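Everything below concerns the one structure shown next.
As the structure is a prediction and not an experimental result, all values here were calculated from the model. Letters go in sequence order (proteins before strands), and every chain restarts at 1.
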Amino acid sequence: MTTPLLSPAPPSPAERAAAVTARAVIATRASGGHTRLETLRSEPPLTVRQTGPGLVHLVSTGAGPLGGDRLTLVIDVAPGTALEVRSVASTLVLPGPSPADSLMMIDAHVGAGASLRFTPEPTVLAAGCSHRMAVRLSLAEDATVFWREEIVFGRHGERPGRCRARFDATVAGRPLLRQELVVGHPEVEGSPAVYGDARCVGSTLVAGPAWDAAHDSKRERRATIGAGWAALPLAGPGVLASALAQDTVELRARLGRAEQAAAVPPER
Amino acid sequence: MQNDRRKGGMRGSPDAALLLLADSRLPAGGHAHSGGAEEAVRLGTITGPEDLARFLRGRLATAGLVSAALAAAACELASAGHDEQAAAHDEQTGGRDGQSDDPAGRWRQLDAEADARTASPAQREASRVQGRLLIRSARRIWPSPVLDLLAKAVPNGVHHPIALGAAAASAGCDPYQSALAAAYNAVTGPATAAVRLLGLDPVTVHRLLADLAPALNDAAHAACASLIDDVVMEPGAADPFGPYGTANGDAKGSTRGPGWPALPGHAAPALDLLAEGHHSNTMKLFVS
């Protein structure tokens with residue numbers, strides 16, 4: 001049962017030595033009405049640095065993630081505090097000496113009345129990579145979040161490696177959004193149903209008490225759409241901004257429009 | 001008498017029940033939905049059999065897999081609690097808003113898992129419309145207390161895959177058959193719509209569907225495997241990453257329900273855009 005589904009064969013000693021397991025932690029604390037960074041711990045290649053009040057940048061201090069790497073980021077936003085997390089550069093996922101998947105896990109909790117803005121630069125899937133991402137975002141009842149995720153299908157002119165990115169967001173334990181993006185697998189490649197001819201995909205979850213849809217459970221709120229983007233009101237208290245594009249510049253522009261439309265809370 | 005038919009009649013012939021359930025002639029309104037194909041045709045991203053094949057394969061691997069898993073979960077829930085739910089329903093008159101151990105509450109929980117996997121409001125609406133119609137028909141074709149309970153538990157219309165799983169259970173099918181029916185529905189509707197919209201050769205398109213047969217089986221197997229995985233892996237280890245999610249001491253993770261959170265959630269951003277584009281288009285043949 002505990003057989004890891006990800007690595008069919010146990011890694012050789014050389015592979016084990018090459019692969020990295022790293023964990024970074026960002027936690028806030030309320031202090032006299034201000035947000036203080038309580039914990040800031042990291043291990044290469046995943047480094048976190050405070051760059052302003054309530055602002056943290058992820059800094060990649062090594063290549064990758066590479067095949068076999070297991071990186072974990074824990075974010076704990078204490079009740080009543082505000083945190084913003086960005087990254088200095090995009091993440092380039094590469095194949096590594098180990099045939100195992102590279103793993104990037106993010107476990108984030110946003111407490112009561114707290115807010116989290118997570119806007120890292122895109123993840124680029126280099127040819128031959130085999131990557132898994134998993135985000136578990138648990139929100140307290142009245143927490144607010146802005147969570148952006150952008151995936152680029154290979155560097156310029158390159159066919160992408162493989163990736164599965166799972167995202168689970170809950171509000172007070174209730175499911176808000178569960179989605180998994182699969183990239184570079186033959187069944188989805190070039191499918192007009194999945195990404196069409198797009199070379200990158202972006203989605204941003206905007207959620208919080210202002211988007212609480214409980215006032216009208218019989219009617220769905222309408223989406224806002226444009227060329228290659230949509231702001232999709234969820235069944236729960238949030239909106240998913242979604243965009244497809246040919247390149248990162250177009251993606252950011254489209255996702256930006258979708259995020260703007262998503263950021264307008266529904267009228268009551 | 002009804003009870004006898006439920007237990008003895010249809011339950012003895014699940015294969016035939018599966019055929020009836022998956023048949024496009026089942027009067028449950030499925031023919032009115034193109035699953036994004038009409039909008040894709042309008043935008044020119046489906047122009048012929050090659051595009052259609054890629055559309056169907058991608059749809060099956062995403063929305064189809066998710067539907068299959070939800071249908072399997074619904075069938076399992078319906079079968080497991082058949083008698084127990086009937087009793088509870090009779091005693092409580094069904095209407096009480098409940099915690100997770102009350103049967104109506106569990107159906108609402110599963111329905112919420114479908115909501116969380118359907119970001120597009122147009123798709124949620126289409127799914128609920130089809131679910132409501134299917135429940136209405138199925139209650140007359142395969143009457144059972146579970147379908148009565150489900151209709152009361154989610155009066156605005158339960159998501160279609162959940163309705164399908166519950167109807168399948170009432171017809172005597174198992175979770176694998178429910179998943180197969182859901183996966184089959186996920187591709188046959190768009191395929192038929194494309195034939196009508198583009199005037200494609202129906203034989204060519206049916207050949208595409210035949211080519212997908214192994215993928216349909218795989219999706220149904222994967223759907224059922226995800227149910228088993230959940231049972232074994234819960235709580236807290238639903239993903240194969242080992243210890244994870246306990247760093248914050250967040251106990252809420254353990255109250256999420258009976259293994260459903262880890263069911264597949266494969267997203268198809270293009271289908272979301274197509275569904276919303278279709279919804280705002282006034283010149284259309286299909287409902288979705």
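Side-chain contact check for B:Leu60 versus A:Glu187: every heavy-atom pair is 4.5 Å or farther apart. B:Arg54 is listed as a side-chain neighbour of A:Pro192, based on a closest heavy-atom distance under 4.5 Å. No side-chain heavy atom of B:Pro121 sits under 4.5 Å from any side-chain heavy atom of A:Arg221.
To the nearest 0.5 angstrom, B:Leu271 atom CG is 7.5 Å from A:Ser191 atom OG. Rounding to the nearest 0.5 Å places CG of A:Leu177 at 10.0 Å from OG1 of B:Thr118. Rounded to the nearest 0.5 angstrom, A:Glu180 CD and B:Thr62 OG1 are separated by 11.5 Å. The line from NE2 of B:His266 to NE2 of A:His185 is 8.5 Å long, rounded to the nearest 0.5 Å.
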Go through it in stages, so that I can follow the logic: the residues are B:Arg117 and A:Gln179, the test is side-chain contact (heavy atoms from CB on, under 4.5 Å), and I'd like the CA-CA distance, side-chain angles, deciding distance and then a yes or no.
CA-CA 6 Å; B:Arg117 286 164 176 79; A:Gln179 68 169 16; over 6 Å; no
Start with the C-alpha gap between A:Arg222 and B:His279, add the side-chain angles, then the distance that decides, and say whether side-chain contact (heavy atoms from CB on, under 4.5 Å) holds. CA-CA 9 Å; A:Arg222 294 293 303 272; B:His279 197 255; 3.2 Å; yes
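Between A:Val201 and B:Pro269, the shortest heavy-atom contact is CG2-CG, 3.9 Å. Considering every non-hydrogen atom in both B:Ala112 and A:Pro175, the closest pair reads O-CG, 4.0 Å.
For B:Ala119, the parts lying under 4.5 angstrom from a heavy atom of chain A are both the backbone and the side chain. If you measure heavy-atom distances from B:Pro264 to chain A, the contacts under 4.5 Å come from the backbone alone. With a 4.5 Å cut-off on non-hydrogen atoms, B:Leu273 touches chain A through its side chain but not through its backbone.
Within 6.0 Å of CZ in B:Arg196 there are 12 or fewer heavy atoms belonging to other residues, nucleotides or ligands. For B:Arg136, the CZ atom counts as loosely surrounded, since its 6.0 Å shell holds 12 or fewer non-hydrogen atoms of other residues, nucleotides or ligands.
Of the candidates A:Ile225, A:Leu240, A:Leu232, A:Leu234, B:Ser120 forms a side-chain contact (heavy atoms from CB on, under 4.5 Å) with just one, namely A:Leu232.
Ranked by heavy-atom pairs under 4.5 Å with chain A, the list B:Arg128, B:Arg124, B:Glu125 is led by B:Arg124.
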